[in-house]
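It should be emphasised that the depicted structure is a prediction, and the values quoted were computed from it without experimental measurement. Values reported hereafter were calculated over all heavy atoms of this structure, with side chains retained and with hydrogens, waters and symmetry mates removed.
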Amino acid sequence: MIAAVTPPHDRLTIGELSARSGLATSALRYYEELGLIHAQRTSGGQRRYPRATLRRVAFVRAAQQVGLSLEEARRALATLPENRPPTAVEWAGVAAAWQDRIDAQIADLQRLRARLGDCIGCGCLSLRKCGLYNPDDTAARTGAGARYLLGEEAPPPPASPGAR
């Protein structure tokens, strides 16, 4: 919950927060249910969000853009202040915690880019090269998913009959 009461002129209705953030009101209610954002309630029970909630919503959307889960975003937000922008030191802690995760994603994307034109070992046997790189769906024997994309090495294709 929000510790300090936000002045009425610095609070947004759920509709205003939706319009400003670009998220549907249902998504904002879901974010609140997950503890990503917090609202104060009026005497009539209506939600009012501190203006700083816009930053928190933008933070969550940025986290999702780089592939982080809502739970990862929630844990990071729990380390940051709710009613003011984080300091450089506070933000550096979050950035450092995500660095390894983002670096791993970059490596996965680079591997995908490098192998996109080749068979990625999914076992689908639908590409012409699957008969070369994954005959009889041998990739399936090593586990589920796109085995070669996950870092396993595809066997080299057999030499063409005319090559020596």
Side-chain angles (χ1 to χ4, degrees), residues 1-124 133 139-140 142-154:
M1 282 311 267
I2 297 171
V5 176
T6 307
H9 67 279
D10 199 27
R11 292 186 280 168
L12 303 171
T13 66
I14 194 167
E16 291 167 333
L17 183 59
S18 173
R20 294 281 310 277
S21 69
L23 282 179
T25 56
S26 58
L28 293 170
R29 285 189 292 274
Y30 182 62
Y31 279 16
E32 190 174 348
E33 184 180 314
L34 295 177
L36 295 164
I37 60 174
H38 304 282
Q40 297 170 356
R41 297 292 181 140
T42 66
S43 59
Q46 296 177 333
R47 291 173 169 87
R48 294 294 186 267
Y49 297 92
R51 194 166 300 280
T53 304
L54 284 166
R55 280 187 206 93
R56 294 177 74 81
V57 170
F59 177 89
V60 172
R61 294 188 78 185
Q64 289 180 295
Q65 284 291 319
V66 298
L68 298 171
S69 69
L70 291 175
E71 176 56 26
E72 288 171 306
R74 187 196 62 72
R75 283 194 307 262
L77 281 171
T79 68
L80 298 173
E82 286 192 48
N83 293 318
R84 64 170 173 78
T87 65
V89 171
E90 290 166 335
W91 180 249
V94 171
W98 284 0
Q99 191 67 46
D100 289 340
R101 174 84 155 78
I102 292 169
D103 287 345
Q105 283 185 271
I106 290 169
D108 288 344
L109 289 170
Q110 287 172 332
R111 192 169 31 256
L112 174 61
R113 183 182 64 202
R115 296 182 177 183
L116 201 53
D118 296 328
C119 176
I120 58 174
C122 63
C124 69
Y133 288 106
T142 63
R147 304 312 308 164
Y148 305 149
L149 179 63
L150 295 172
E152 291 181 20
E153 288 298 317

Just by modelled atom types, is the His38 backbone N or O under 3.5 Å from a matching donor or acceptor in the Arg56 side chain? no
ring-ring contact (aromatic ring centres under 6.0 Å, His included): pairs with one or both residues in residues 53-88, sequence neighbours excluded: Phe59-Trp91, Phe59-Trp98
List the steps, then state whether salt bridge (charged side-chain N to carboxylate O under 4.0 Å, His left out) holds for Arg29 with Glu33. CA-CA 6 Å; Arg29 285 189 292 274; Glu33 184 180 314; over 6 Å; no
What's the spacing between Arg47 CZ and Ile37 CD1 if we round to 0.5 Å? 8.5 Å
Within-4.5 Å side-chain heavy-atom neighbours: Thr53 and Leu12: no
Measure the CD-CD distance between Gln64 and Glu72 for me, rounded to the nearest 0.5 Å. 11.0 Å
So do Val57 and Tyr49 actually touch side chain to side chain, heavy atoms under 4.5 Å? no
Donor-acceptor pairs are to be reported for all side-chain atoms of residues 18-28 against protein atoms at under 3.5 Å, with residues two or more places apart or in another chain.
residue, atom, partner, partner atom, Å
Ser18, OG, Leu23, O, 2.5
Ser21, OG, Leu17, O, 2.7
Ser21, OG, Leu23, N, 3.3

Going from CG on Asp103 to CG on Asp108, what distance comes out if it is rounded to the nearest 0.5 angstrom? 11.0 Å
How close do Pro86 and Pro81 get, counting heavy atoms only, and between which atoms? CA-CG, 4.0 Å
When rounded to the nearest 0.5 angstrom, what is the spacing between CG in Asp100 and CD in Gln105? 12.0 Å
Calculate, to the nearest 0.5 Å, the distance between atoms CZ and CD belonging to Arg48 and Glu16 respectively. 7.5 Å
Taking Gln46 for its side chain and Thr13 for its backbone only, find out whether a donor-acceptor pair lies under 3.5 Å. no
What are the two closest non-hydrogen atoms of Ala39 and Glu32, and how far apart are they? CB-OE2, 3.6 Å
So do Leu70 and Tyr31 actually touch side chain to side chain, heavy atoms under 4.5 Å? yes
Distance-only polar pair, side chains of Gln65 and Arg61, donor-acceptor under 3.5 Å: no
